[in-house]
Number of protein chains: 2
Amino acid sequence: MDAYKKAGVDINAGYKLVDEIKQLSHNDALGSFGGLFPLTLGHYQKPVLVSGTDGVGTKLLVAINAGLHETIGIDLVAMCVNDVLAQGAKPLFFLDYLGIGHLDQTQAKAILTGVVTGTTQAGVKLIGGETAEMPDMYQHGHYDLAGFTVGIADQDRLLAAKNLRTGDVLLGLASNGLHSNGFSLVRDILFKQHHYSLDDQLSGCEGDLKHELLRPTRIYVKSVLPLIEQGLIQSIAHITGGGLIENVGRILPDHLSAEFDSTKWPVPAIMKDLQEIGNLSFDDLKHTFNLGLGMVLAVHPTDVDQVTAELKKAGETVYQAGRLVPGSKKVVIREDSL
Amino acid sequence: MDAYKKAGVDINAGYKLVDEIKQLSHNDALGSFGGLFPLTLGHYQKPVLVSGTDGVGTKLLVAINAGLHETIGIDLVAMCVNDVLAQGAKPLFFLDYLGIGHLDQTQAKAILTGVVTGTTQAGVKLIGGETAEMPDMYQHGHYDLAGFTVGIADQDRLLAAKNLRTGDVLLGLASNGLHSNGFSLVRDILFKQHHYSLDDQLSGCEGDLKHELLRPTRIYVKSVLPLIEQGLIQSIAHITGGGLIENVGRILPDHLSAEFDSTKWPVPAIMKDLQEIGNLSFDDLKHTFNLGLGMVLAVHPTDVDQVTAELKKAGETVYQAGRLVPGSKKVVIREDSL
């Protein structure tokens with residue numbers, strides 16, 4: 001044990017961290033060989049498990065440079081559970097992987113506190129995880145995070161392209177800023193091409209850059225799931241890397257296209273600032289950032305009023321951002337407002 | 001898109017990799033928002049999902065330095081599925097996370113080929129994954145891997161400490177060398193304290209160091225699962241970080257201890273070499289390495305012959321390595337042979 005500790009791996013620090021997370025998550029079963037989740041199948045006719053894995057990209061480097069580790073775990077959970085929700089499934093449980101150069105208890109506890117907050121926001125159970133101390137792999141203070149979630153749906157009720165029709169309305173749910181995508185470009189523009197400090201404040205932004213950039217990714221599970229269960233949502237795109245263009249493109253059937261009207265919602269100030277400072281084309285912008293919409297729901301016109309009302313009641317900001325038209329899987333964003 | 005590519009992230013390279021993996025894994029559904037796995041519940045009375053996540057530690061750095069990426073994915077699958085198997089569950093599916101500084105198609109394809117090989121060996125389906133290109137996070141050519149698996153068991157048939165009795169035999173299944181643990185110590189001894197090259201060959205080892213160190217972790221699912229399903233196995237310890245001491249300790253009830261007799265199986269040459277070169281105590285050795293046993297099965301004495309015969313038929317090398325005695329969750333390894 002002493003030899004291993006001298007080589008840079010402190011197994012006891014790992015055990016201590018597991019104890020901390022057991023307390024934070026109120027789950028005493030953490031730390032066994034595998035995480036358990038009893039299945040209650042009740043109303044599922046043909047249950048199908050829907051799983052997703054994701055990381056948070058180089059938003060991590062912003063958290064690391066800012067020394068603010070409390071919310072990056074929310075991003076991690078969000079990236080995973082929103083993907084599973086987008087299939088029409090109910091996320092059930094979550095596991096995290098933390099790869100880290102040197103296990104600093106305070107830092108690791110802050111990171112995992114964010115993971116626990118995220119699982120609470122998503123209504124999923126944290127049933128396991130792995131913290132891997134890897135000297136020589138990560139630079140001092142650096143770490144990577146990966147998350148895994150499993151959800152459940154009825155096979156015949158999975159959201160699918162075949163549900164979509166001409167005239168369906170695309171409801172955009174407001175994002176909480178940049179979420180967890182495009183950060184290699186953000187860092188390139190702000191900190192490499194230019195020399196902004198994390199303490200600087202950009203025009204139109206509410207706080208300094210570190211807080212603006214680290215706003216946690218919004219978790220849409222609790223507001224959207226009840227509508228899926230009522231059959232009111234035809235399809236969902238979680239807007240991540242590739243922006244509205246790629247992500248809405250993925251949910252379209254061959255005979256439909258999507259038209260967005262960007263005058264219908266406000267593009268966040270941070271994205272306009274990045275466009276200006278980085279001299280980005282609108283094409284760059286729309287292929288990289290969420291433009292202010294973290295999730296897009298395709299809804300039949302007759303259901304729009306009810307869906308909008310329920311989403312607002314659940315705390316979402318909702319925009320009638322676009323609609324489906326006859327076409328060939330193209331996504332167009334009219335940019336008159338920009 | 002151009003701006004993002006200039007910032008170090010090539011989204012198209014990612015899409016191309018997904019296409020490669022679809023072919024390798026014969027799973028066209030890869031690349032959607034979430035991986036799907038239809039549940040066939042047939043004979044499960046109270047189904048419980050058993051999940052595990054793990055990485056391969058700094059064995060990665062050996063693969064990276066050797067430029068041999070084809071088997072590290074097998075280690076990744078092994079670390080996860082063996083953990084789930086150890087609970088008495090049948091692993092069903094797997095997802096991988098690859099964090100990488102710069103996406104090199106050839107390197108990434110080699111890594112993921114190993115993942116596909118591992119899932120085939122384990123009989124699980126690769127249903128999703130994430131490849132995250134993260135410039136500035138990883139050094140050039142470096143990457144981290146995390147894996148995630150979900151299995152299923154009947155709640156009442158999960159392996160548990162309450163099944164164990166005094167006199168139960170501890171059957172050790174031969175490991176395939178170091179597996180995926182202790183590599184920070186291994187690298188410290190061989191490459192920092194001393195200056196071995198990956199092309200050097202140690203006494204008693206069959207090949208050079210890069211091949212000896214990179215032997216893939218053995219996957220025990222196909223040989224052990226049929227015995228679990230027959231009710232012939234009382235408990236299982238997957239021997240990972242912490243060695244026999246910690247991992248067998250975790251499966252014991254309060255009133256039993258485990259006694260191993262290390263004359264009953266051969267400790268691999270690589271571990272003896274590391275002990276000598278690194279001037280390690282036996283205490284260091286047994287708390288860090290698997291000592292040649294990758295998995296330990298607790299079996300009632302009446303079932304030992306049948307279990308041993310079936311395991312051998314399935315290709316395992318099996319040792320009667322120890323037994324359970326009245327005690328208090330201690331693990332003792334008699335070391336007369338070392």
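To find a chain, count down the sequence lines: A is the first, B the second, and so on, and within it residues start at 1.
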Heavy atoms, side chains only, cut-off 4.5 Å: are [X] and [Y] in contact?
X	Y	answer
Ile72(B)	Leu145(B)	yes
Asn181(B)	Leu178(B)	no
Asp144(B)	Leu60(B)	yes
Met295(B)	Leu297(B)	yes

> So Phe148(B) and Phe93(B), would you call those rings parallel, tilted or perpendicular, with 30° and 60° as cut-offs?
Replying inline: perpendicular
> Can you tell which of Val56(B), Asp188(B), Leu185(B), Asn279(B) has the highest number of heavy-atom pairs within less than 4.5 Å of chain A?
Replying inline: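 The candidate making the most pairs under 4.5 Å is Leu185(B).
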> Out of Ser184(B), Gly147(B), Ser281(B), which one racks up the most heavy-atom pairs below 4.5 Å with chain A?
Replying inline: Ser184(B)
Where does [X] contact chain B at under 4.5 Å (heavy atoms): side chain, backbone, both or neither?
X	answer
Tyr138(A)	side chain
Leu85(A)	neither
Ile189(A)	neither
Ile245(A)	neither

> Which of these passes side-chain contact (heavy atoms from CB on, under 4.5 Å) with Val81(A): Leu92(A), Val124(A), Thr119(A), Asp54(A)?
Replying inline: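 So the option named by the test is Val124(A).
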>> Tell me whether Glu276(B) at atom CD has more than 12 heavy atoms from other residues, nucleotides or ligands lying less than 6.0 Å away.
In response: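 It does not: Glu276(B) CD has 12 such atoms or fewer within range.
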>> I need the minimum non-hydrogen distance between Val221(A) and Ala122(A), along with the two atoms involved.
In response: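 Distance-wise, the nearest heavy atoms are CG1-O, 3.6 Å.
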> Between Glu133(B) and Leu103(B), is there a donor-acceptor pair closer than 3.5 Å when you use the side chain of the first and the backbone of the second?
Replying inline: yes
> With only heavy atoms counted, which part of Leu280(B) is less than 4.5 Å from chain A, the side chain, the backbone, both or neither?
Replying inline: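 Just the side chain, heavy atoms under 4.5 Å.
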> Quick one: side chain to side chain contact (heavy atoms under 4.5 Å, CB included) partners of Ala89(A), sequence neighbours excluded?
Replying inline: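 In terms of side chain to side chain contact (heavy atoms under 4.5 Å, CB included), with neighbours along the sequence ignored, Ala89(A) is linked to Val50(A), Val84(A), Ala153(A).
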> Given the options His142(A), Arg187(A), Gln139(A), Lys192(A), which has more heavy-atom pairs under 4.5 Å with chain B than any of the others?
Replying inline: Arg187(A)
> Do you know which of Gly57(A), Gly278(A), Ala132(A), Gly151(A) has the most heavy-atom pairs under 4.5 Å to chain B?
Replying inline: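 Option with the greatest count: Gly57(A).
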> Does anything in residues 95-102 of chain B get under 4.5 Å of chain A by heavy atoms, and if so which residues?
Replying inline: Leu95(B), Asp96(B), Tyr97(B), Gly99(B)
